[in-house]
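Notes follow the structure.
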Amino acid sequence: MAGWVVLVVGSGAREHALARALAADDAVDAVVAAPGNPGIDTIARCEPLADVTDADAVLAIANRLAVDLVVIGPEAPLVAGVADVLRAAGFLVFGPSAAAAQLEGSKAFAKEVMAAANVPTARAHVCTTPEEVDDALDDLGSPHVVKDDGLAAGKGVVVTNDLDEARTHAAACLAKAGGRVVVEEYLDGPEASVFCVTDGTTVLALPPAQDFKRVGDGDEGPNTGGMGAYSPLDWAPAALADLVVERIAQPTIDEMRRRGTPFVGALYVGLALTSKGPRVVEFNARFGDPDGQVSLAKLRTPLGTLLHAAADGRLEEIDHLRIDPAYAVNVVVASNGYPAAPRTGDTIAGVESAETVDDVYVLHAGTARDADGLLVSAGGRVLDVVATGATLAEARDAAYRAVAEIQLAGGHHRTDIALAAQRGEVTIG
Ligand code: AMP
Ligand code: GLY
């Protein structure tokens, strides 16, 4: 029997990781990425796609290549309804409908679903006027957490002790068309990401990961899309993934189905592990980036088989996920000026020598080929260096030895990814 042709939509390190794992599945004959990137191009066929939210353009590729499964990586096409258009045309899609992707697209909607499903999360007020914001800030106290309701590419959330800063951010969010802002209770505790694969009914969780959102060592500086990650989390309860399915993901998925908007895809549960137990910080409608890459690095269940079953409503056929006991560490190499003003067009060297380090591979996040075919930076986060090892220390060591091989003018990375965990310094509550 011929295997599947799988189309991956997106162009970052997450999509490179997905393409890599899909290509390794014997049930998959070919992986196509749209638009992909130079790293994906070495393992899959890349099809031009100017705009990942252009559903007709994605549909045209899916039709032309008669693909068997479409995996949508980023949130923007999901929220824009690309999965809906593909499903209406008869394709199997791993990725939620626009309606279900509102779990990520609107923080107010996510809060409402969590309340209906009795999911533990921060207390919150949804505000549409400065007066409501002031009342909410007063009610919930400091530190203040103020969130833009809509998608904001990681820039929508301000956590501060400064009341003026909280009010200013809220005012900026309210000033947008249809502006709404969510003011919520501060959650104290280390963060974890749990990625749940679901067909809308059955839910299977990958091993928890931790992401490093701030640009600098010691969690200094501005927020980014994520500067690195590791998995598993030895400091977290051993049953965290099961607990998240039972208390959070399954009730949420059941509530979405009950509303007539089943969620099919990856439900990203962003948690704070507080002294009172795990609380949801956010939902996303996709795998994390860079945290998804370490959870996927540990997955031994063939990815194509898993995502096909989810897209086809047959996830119950997969009894449990097979997980590699190894530790995985991902260190992101970012461009000069990231996150404020990333510079692009810098030459990248050393990727091949980085990959000569045992148990290391390099995922392309923001890269391109210049007119001479040389690899250059093309985004804020440029490369992900992923290492596995029998211990966290071994995986960290391999990752950083590989990072040292990479040359990117003005590039920077955090030197403390997974360090506190390795030292046993991460504690709950
Ligand atoms: P979000 O976009 O909701 O993930 O928020 C971005 C980051 O802001 C999170 O990763 C947390 O570090 C922080 N954050 C969000 N909500 C809270 C909260 N209720 N309490 C403390 N920190 C938060
Ligand atoms: N690493 C955070 C995210 O993917 O949203």
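Order of listing sets the numbers, starting from 1, for every ligand and every atom in it. The shown structure was predicted, so the numbers you read here are calculated from the model rather than taken from an experiment.
- No side-chain donor-acceptor contact under 3.5 Å links Arg279 to the backbone of Ala272.
- Judged purely by atom type and a 3.5 angstrom limit, Asp162 uses its side chain to pair as donor or acceptor with the backbone of Glu165.
- Checked by distance only, ligand 2 and Arg14 stay at 3.5 Å or farther apart across all their nitrogen or oxygen atoms.
- Heavy atoms of Glu282 come nearer than 4.0 angstrom to ligand 2 in no pair at all.
- Under the 4.0 angstrom criterion for non-hydrogen atoms, Lys107 is in contact with ligand 1.
- Ligand 1 places these atoms under 4.0 Å from at least one heavy atom of Glu184: 16 (N), 17 (C), 18 (C), 19 (N).
- Taking the six-membered ring where tryptophan is involved, the planes of Tyr230 and Phe212 are tilted, since the angle between them lies from 30° to 60°.
- For the ligand labelled ligand 2, residue Gly288 lies inside the 4.0 Å heavy-atom shell.
- Of the polar atoms of Lys213, none of the N or O atoms is found under 3.5 Å from an N or O of ligand 2, judged by distance alone.
- Per-residue contacts place Asn284 under 4.0 angstrom from the following atoms of ligand 2 (heavy atoms of the residue considered): 5 (O).
- Residue Tyr186 has no nitrogen or oxygen atom sitting less than 3.5 Å from a nitrogen or oxygen atom of ligand 1, judged on distance alone.
- Considering backbone and side-chain atoms together, Phe287 places no N or O closer than 3.5 Å to any N or O of ligand 2.
- At a 3.5 angstrom cut-off on N or O pairs, Ala122 does not count as close to ligand 1.
- A donor-acceptor pair under 3.5 Å links the side-chain atoms of Gln210 to the main chain of Glu191, judged by distance alone.
- Judged by distance alone, with hydrogens and angles left aside, the side-chain atoms of Arg167 form no donor-acceptor pair with the main-chain N or O of Asp134 at under 3.5 Å.
- Considering backbone and side-chain atoms together, Lys213 places an N or O closer than 3.5 Å to an N or O of ligand 1.
- Shortest contact from atom 1 (N) of ligand 2 to any protein heavy atom: Asp211 OD2, 2.7 Å.
- Ligand 2 lies within reach of Pro290, whose nearest heavy atom is under 4.0 Å from it.
- Remark: the backbone N or O of Pro208 is paired with a side-chain donor or acceptor of Ser231 at under 3.5 angstrom.
- Annotation for ligand 2: atoms under 4.0 Å from non-hydrogen atoms of Gly225 are 1 (N), 2 (C).
- Looking only at atom types and distance, the side chain of Thr367 has no donor-acceptor partner in the side chain of Asn37 under 3.5 Å away.
- The main-chain N or O of Val157 is never found under 3.5 Å from a side-chain atom of Lys147 such that the two would form a donor-acceptor pair.
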Per-pair distances, 0.1 Å, donor-acceptor, side chain in residues 113-127, under 3.5 Å, sequence neighbours excluded:
from, atom 1, to, atom 2, distance (Å)
Thr121, OG1, Lys111, NZ, 2.8
Thr121, OG1, Val280, O, 2.7
His125, NE2, Asp139, OD2, 2.8

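- Listed for the Glu355 side chain is no donor-acceptor partner under 3.5 Å among the backbone atoms of Gly350.
- Between the side chain of Asp149 and the backbone N or O of Arg180 there is no donor-acceptor pair closer than 3.5 Å.
- Counting heavy atoms under 4.0 Å from ligand 1, residue Glu191 touches it through the side chain alone.
- In this structure, atom 5 (O) of ligand 2 lies nearest to the protein heavy atom Arg286 NH2, 2.8 Å.
- One option in Leu140, Val157, Asp219 has a heavy atom closer to atom 6 (C) of ligand 1 than any other, and that option is Val157.
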